[in-house]
Undergrad: 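Pasting a structure below so you can have a look.
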Amino acid sequence: MNKQAKNSMIYLIGAFGAAVLGFINTPMLTRTISTAEYAQYGNLTSFGTLLMSLTYLGLDEAFMRFYHERKESIGRFIIRCLFTPVLLSVVIGIALIEPNGILSNIIFGQKQNTQILVLCGVYVLLMIIQRLTMLTVRMEENAWNYVAAELMTKLGFIAVVVLALIKRGSVTLGIIEMALICGYLIAIMINAIAVFPVIKKNGIGLEHSKWYLIQYGYPFAISNTLIYFVPMLERVVMRETIGLSDLGVYTSAQIFGTVINLFAVSLNSVWLPYVYRTDIHAENFKKIFYSIGVCAVYFSLGMLAVTIACRRWFILILGEAFSQAYIIAPAVLFGSCMTMVMNIYSIGINLSNKTKYHLLTPVIQCVISVSLLLILGPRLRLAGVGIANMASLFGSRVAKIILGLRECNTQRNMTKVWLLLAISLFCACLSCISYNSVLMDIILGIFLLLVGTASCYAEIRFILHSMIRK
């Protein structure tokens with residue numbers, strides 16, 4: 001695990017670097033373009049992300065799953081997985097410039113000129129290509145190359161915007177599109193440095209048909225689309241039950257999940273390549289699998305404890321107008337923690353190729369969340385929103401973990417994990433209800449730290465020993 005430990009640190013550095021660049025990027029744009037143009041920029045990036053997920057048909061996930069089980073060369077495998085998404089993106093790009101401007105109105109809220117629409121099509125096409133080159137680098141476990149490409153994507157964008165400001169004194173939507181295109185081109189060129197040396201490397205597995213790959217991957221495409229729409233539906237329900245002001249406070253509280261999300265991305269970047277190239281039936285893997293998950297639970301308990309105990313001070317960074325966000329800060333962080341633990345323990349779904357189970361997660365989340373928001377939102381306001389959010393994420397993530405464990409069959413007793421997750425849910429819910437008591441926050445924080453440390457000591461020691469072992 002020594003290599004995985006080093007890569008984890010590199011990915012974590014990259015994630016924090018990307019977060020810092022994102023923090024620079026947002027105020028730079030909000031101070032140079034109108035709110036209408038910024039809304040169009042947001043719609044453009046959202047449309048690009050959604051379109052990439054749909055046009056890939058899950059072939060990007062199939063690419064990762066069968067990367068070490070393919071028969072053909074890496075280059076041929078890349079082309080096979082890229083052909084359909086690229087073809088679909090070209091078709092959609094042509095549809096963008098049709099005379100009636102139907103898609104243009106959906107994306108930008110108005111009909112745009114041909115130049116803007118062509119740039120939009122190029123942007124989506126490069127997103128699709130960049131995605132697969134990033135995955136190739138990731139599966140080859142070339143962490144430095146991956147991080148460099150990720151950071152240069154953002155730096156390239158910022159550089160073009162700054163140059164435009166220096167030369168023109170203003171930024172338009174077209175310039176923003178060119179900045180996005182520049183960033184992705186730079187990333188593709190950086191990835192090419194790592195991809196070309198291995199492009200002729202053959203595999204030792206089976207040659208899976210395109211239809212087999214799509215059958216494996218299409219549930220991911222549907223699930224990712226649902227995951228994109230469920231939060232939008234939740235916000236609509238919140239707007240009607242607690243009002244726009246509290247909805248704004250809830251949105252601002254999402255910052256409390258940032259650290260967990262950064263850590264989860266870094267962990268996942270190492271975890272997936274490691275699992276896909278490892279014999280999952282080996283006893284050592286079963287112990288690592290269980291212990292990594294326990295360590296993720298412990299990290300979650302620690303972050304939740306600190307957030308509950310110190311939330312009144314953390315909230316100062318948001319300003320007075322959003323001070324009530326401290327009520328649901330633990331709830332937001334708990335949701336991110338559950339997703340991180342789920343990503344580890346549900347890997348059996350991918351390994352067994354039963355990817356249809358991924359469709360259950362957003363459906364369960366939506367049903368529980370909307371139901372509880374309608375019941376608790378009008379009565380408990382932000383506290384009710386927090387409880388609904390936690391209950392929906394807990395229920396949907398636990399269901400997926402159970403399915404993943406059933407398929408992976410590591411023959412480990414998971415009682416400790418279930419108890420710790422239940423305790424963390426109870427404490428987070430209690431903190432939402434008793435948000436006026438500083439003493440209760442401190443007691444809950446100390447309790448979570450003591451329980452987590454006492455319960456997870458053996459697994460933490462095992463993982464640390466594995467990470468430093470040559």
Side-chain angles (χ1 to χ4, degrees), residues 39 42 46 223 225-258 260-261 300 303-304 307-309 311-312 314-342 359-400 421-438 440-441 444:
S46 297
S223 175
T225 303
L226 291 174
I227 288 172
Y228 176 82
F229 280 112
V230 167
M232 293 177 60
L233 177 60
E234 289 175 337
R235 281 172 168 77
V236 170
V237 177
M238 288 180 206
R239 184 186 65 196
E240 299 301 320
T241 55
I242 64 175
L244 280 174
S245 178
D246 281 347
L247 176 58
V249 173
Y250 168 80
T251 303
S252 70
Q254 300 304 309
I255 192 174
F256 286 94
T258 301
I260 297 293
N261 291 335
S300 301
M303 293 300 298
L304 185 60
T307 300
I308 291 174
R311 54 180 168 169
R312 287 168 175 77
F314 289 158
I315 211 68
L316 295 176
I317 64 175
L318 295 177
E320 186 177 351
F322 299 95
S323 59
Q324 293 299 303
Y326 82 94
I327 297 173
I328 54 172
V332 172
L333 185 125
F334 176 83
S336 297
C337 292
M338 282 302 304
T339 300
M340 177 178 64
V341 176
M342 177 195 72
L359 298 174
L360 292 175
T361 304
V363 173
I364 294 173
Q365 179 183 341
C366 184
V367 171
I368 296 176
S369 179
V370 172
S371 301
L372 290 180
L373 282 172
L374 291 172
I375 297 170
L376 300 178
R379 293 172 173 81
L380 300 178
R381 311 296 296 176
L382 284 172
V385 168
I387 293 172
N389 181 263
M390 285 186 288
S392 64
L393 290 172
F394 183 83
S396 59
R397 273 49 178 172
V398 165
K400 192 170 177 179
L421 290 177
I423 289 171
S424 64
L425 174 64
F426 173 78
C427 291
C429 287
L430 187 58
S431 72
C432 284
I433 298 172
S434 62
Y435 58 85
N436 286 322
S437 174
V438 177
M440 179 61 75
D441 284 354
L444 288 175

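Side chains included, hydrogens not; waters and symmetry mates left out as well; all remaining heavy atoms used. Quick caveat: nothing in here was measured; it's all calculated off a predicted structure.
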Undergrad: Might you point out which heavy atoms bring Gly377 and Ile242 nearest each other, and give the distance in Å?
TA: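 What the structure gives for the nearest pair is O-CG2, 3.6 Å.
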Undergrad: Using 0.5 Å steps for rounding, measure from the CE atom of Met390 to the SG atom of Cys429.
TA: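 Those atoms lie 3.5 Å apart.
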Undergrad: Under the side-chain hydrogen bond (donor to acceptor under 3.5 Å, both in side chains) test, which residues partner Ser336, sequence neighbours left out?
TA: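 Ser336 satisfies side-chain hydrogen bond (donor to acceptor under 3.5 Å, both in side chains) with Asn261 only.
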Undergrad: Shortest non-hydrogen contact from Leu444 to Ile308?
TA: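 Leu444 and Ile308 have their closest heavy atoms at CB-CG2, 4.1 Å.
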Undergrad: For residues 330-340, which residue pairs qualify under salt bridge (charged side-chain N to carboxylate O under 4.0 Å, His left out), counting only residues two or more places apart or in two chains?
TA: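 The answer is none; no pair qualifies.
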Undergrad: Which heavy-atom pair separates Leu421 from Phe334 by the least distance, and what is that distance?
TA: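 Looking at all heavy atoms of both residues, the closest pair is O-CE1, 4.3 Å.
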Undergrad: Give every residue pair that meets the salt bridge (charged side-chain N to carboxylate O under 4.0 Å, His left out) criterion with at least one member in residues 384-395, sequence neighbours excluded.
TA: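 Those involving residues 384-395 do not exist here.
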Undergrad: Without placing hydrogens or testing angles, list every side-chain donor-acceptor pair under 3.5 Å for residues 366-375, not counting sequence neighbours.
TA:
| residue | atom | partner | partner atom | Å |
| --- | --- | --- | --- | --- |
| Ser369 | OG | Glu234 | OE2 | 2.7 |
| Ser371 | OG | Val367 | O | 2.7 |

Undergrad: Suppose the criterion is side-chain hydrogen bond (donor to acceptor under 3.5 Å, both in side chains): which pairs have a residue in residues 372-381, not counting sequence neighbours?
TA: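 Listed once each, the pairs are Asp246-Arg381.
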Undergrad: Looking only at atom types and distance, does a side-chain atom of Ser437 sit under 3.5 Å from a main-chain N or O of Met440, one as donor and one as acceptor?
TA: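 Side chain of Ser437 to backbone of Met440: a pair is present.
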Undergrad: Go through the structure and list residues passing side-chain contact (heavy atoms from CB on, under 4.5 Å) with Leu393, not counting sequence neighbours.
TA: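 Here the qualifying residues are Gln365, Asn389, Arg397.
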Undergrad: Rounded at 0.5 Å granularity, tell me how far NZ in Lys400 sits from CE in Met338.
TA: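 Interatomic distance, Lys400 NZ to Met338 CE, rounded to 0.5 Å: 11.5 Å.
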Undergrad: Using side-chain heavy atoms (C-beta onward) and a distance below 4.5 Å, is Met342 in contact with Ser396?
TA: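 Not in contact.
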Undergrad: Side-chain contact test, heavy atoms from C-beta onward, threshold under 4.5 Å: evaluate it for Thr307 versus Val332 and give yes or no.
TA: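 Heavy-atom side-chain distance check fails, nothing below 4.5 Å.
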Undergrad: If you compare all heavy atoms of Ser223 against all heavy atoms of Leu359, which two are closest, and at what distance to 0.1 Å?
TA: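 Where Ser223 meets Leu359 most closely, the heavy atoms are N-CD2, 3.8 Å.
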Undergrad: Would you name the heavy atoms of Val230 and Pro362 that are closest together and state the gap between them?
TA: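 What the structure gives for the nearest pair is CG2-O, 3.8 Å.
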Undergrad: Holding to side-chain hydrogen bond (donor to acceptor under 3.5 Å, both in side chains), I want the full list of residues that pass it with Thr241, two or more places apart in sequence or in another chain.
TA: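 None.
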Undergrad: Give me each pair satisfying salt bridge (charged side-chain N to carboxylate O under 4.0 Å, His left out) with a member in residues 421-432, each pair once, sequence neighbours excluded.
TA: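 Qualifying pairs: none.
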Undergrad: Please name the pair of heavy atoms, one in Asp441 and one in Ser431, separated by the smallest distance, quoted to 0.1 Å.
TA: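 For Asp441 and Ser431, the tightest heavy-atom pair comes out as OD1-CB, 4.5 Å.
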Undergrad: Under the side-chain contact (heavy atoms from CB on, under 4.5 Å) rule, collect the residues that match up with Val341, sequence neighbours excluded.
TA: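 So Val341 forms a side-chain contact (heavy atoms from CB on, under 4.5 Å) with Ala296, Val297, Ser300, Tyr345, Ile401.
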Undergrad: Which distance, rounded to the nearest 0.5 Å, do you find between the CG of Leu333 and the CD1 of Ile328?
TA: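 Spacing of CG (Leu333) from CD1 (Ile328) equals 12.0 Å.
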